[in-house]
Amino acid sequence: RVQAAPLLPAARVPAAACAQNLPQLARRLSSKATTSARLVVLIELGGNDRMFGLPPSAIEDALAQLVKAVQAIPAEAVLVEVIPDGIERDVAQRCGAGLVPTPAQLAAQMQRPLVRGAIPSIGSTFIQPDGIHPNTRAQEHIARSVFATLASQLQLPVADCEDALGDEEPPKWQCIWNGCVVS
């Protein structure tokens with residue numbers, strides 16, 4: 001059994017701000033953890049840090065602190081890659097966390113070369129008018145990427161992501177983005 005629940009409302013909060021509130025987050029996570037459930041925490045932060053011009057090392061440090069706090073619960077941390085510039089990948093590898101890659105459709109809209117810690121120019125297909133945050137068209141791709149990663153990490157009996165998210169039969173579990181409920 002896997003337990004998941006939103007810890008914070010779907011807000012645009014910088015990773016650095018979350019890292020400053022680790023004791024409160026740890027208490028909320030601890031209250032969600034049970035002995036009969038596996039707790040998986042998705043961390044999708046870092047875009048605003050890039051937008052605000054924080055140095056890549058500060059973004060990495062904040063994400064690493066969050067991952068370590070989640071792992072101390074104990075829970076499994078999975079980073080959702082915001083921009084494929086290497087920050088989330090490096091933190092995931094260094095800290096032993098899972099990684100949800102940026103969907104290829106979104107990454108293809110990003111101007112190259114990517115600069116570590118900077119927001120690239122992004123095409124308007126999957127981006128809100130602010131030029132930073134994914135729009136509703138992007139959410140399907142992000143949800144599929146999250147689902148595929150979690151299905152693999154949790155070893156769920158799902159043939160593939162497309163089958164599980166199709167209309168033919170209900171998936172083995174459900175995930176509502178920005179407020180995950182898994183059963």
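These numbers come from the heavy atoms of this one structure, side chains and all, not from hydrogens, waters or symmetry mates.
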Under 3.5 Å, which donor-acceptor pairs do the side chains of residues 91-101 form with other protein atoms, sequence neighbours left out?
none

(message) Determine whether a donor-acceptor pair (N or O, by modelled atom type, separation under 3.5 Å) exists between the side chain of N48 and the backbone of M51.
(response) no

(request) Could you tell me which residues satisfy side-chain hydrogen bond (donor to acceptor under 3.5 Å, both in side chains) with E60, sequence neighbours excluded, listed by chain and number? (result) R116

(message) Quick check: closest heavy atoms across L114 and Q111, and the distance to 0.1 Å?
(response) CD2-O, 3.6 Å

(message) Measuring only between side-chain heavy atoms, which start at C-beta, is Q153 closer than 4.5 Å to V78?
(response) yes

With a cut-off of 3.5 Å and sequence neighbours excluded, list every side-chain donor-acceptor pair involving residues 118-125.
none

(request) Starting at CG of D49, measure out to CG of D61 and round the result to the nearest 0.5 Å. (result) 11.0 Å

(request) Determine yes or no for a side-chain-to-main-chain donor-acceptor pair under 3.5 angstrom, with E81 supplying the side chain and T102 the backbone. (result) yes

(message) Give me each pair satisfying ring-ring contact (aromatic ring centres under 6.0 Å, His included) with a member in residues 72-122, each pair once, sequence neighbours excluded.
(response) none

(message) Counting C-beta onward and ignoring hydrogens, is there a side-chain heavy-atom pair between I43 and V80 closer than 4.5 Å?
(response) no

(message) Do L45 and V82 have side chains that approach each other closer than 4.5 Å (heavy atoms only, starting at C-beta)?
(response) no

(message) Do I87 and R50 make a side-chain contact, defined as non-hydrogen atoms from C-beta onward lying under 4.5 Å apart?
(response) yes

(message) Enumerate the salt bridge (charged side-chain N to carboxylate O under 4.0 Å, His left out) contacts for residues 147-156, please, sequence neighbours excluded, ordered by first and then second residue.
(response) none

(message) Could you tell me if the side chain of P84 sits less than 4.5 Å from the side chain of M110, heavy atoms only?
(response) yes

(request) Could you grab the distance from atom CD1 of I142 to atom OG1 of T136, nearest 0.5 Å is fine? (result) 10.5 Å

(request) Give the intermediate values and the outcome of side chain to side chain contact (heavy atoms under 4.5 Å, CB included) for residues Q109 and I127. (result) CA-CA 9 Å; Q109 295 282 314; I127 268 325; over 6 Å; no

(message) Q105: which residues meet the side-chain hydrogen bond (donor to acceptor under 3.5 Å, both in side chains) condition with it, sequence neighbours left out?
(response) H141

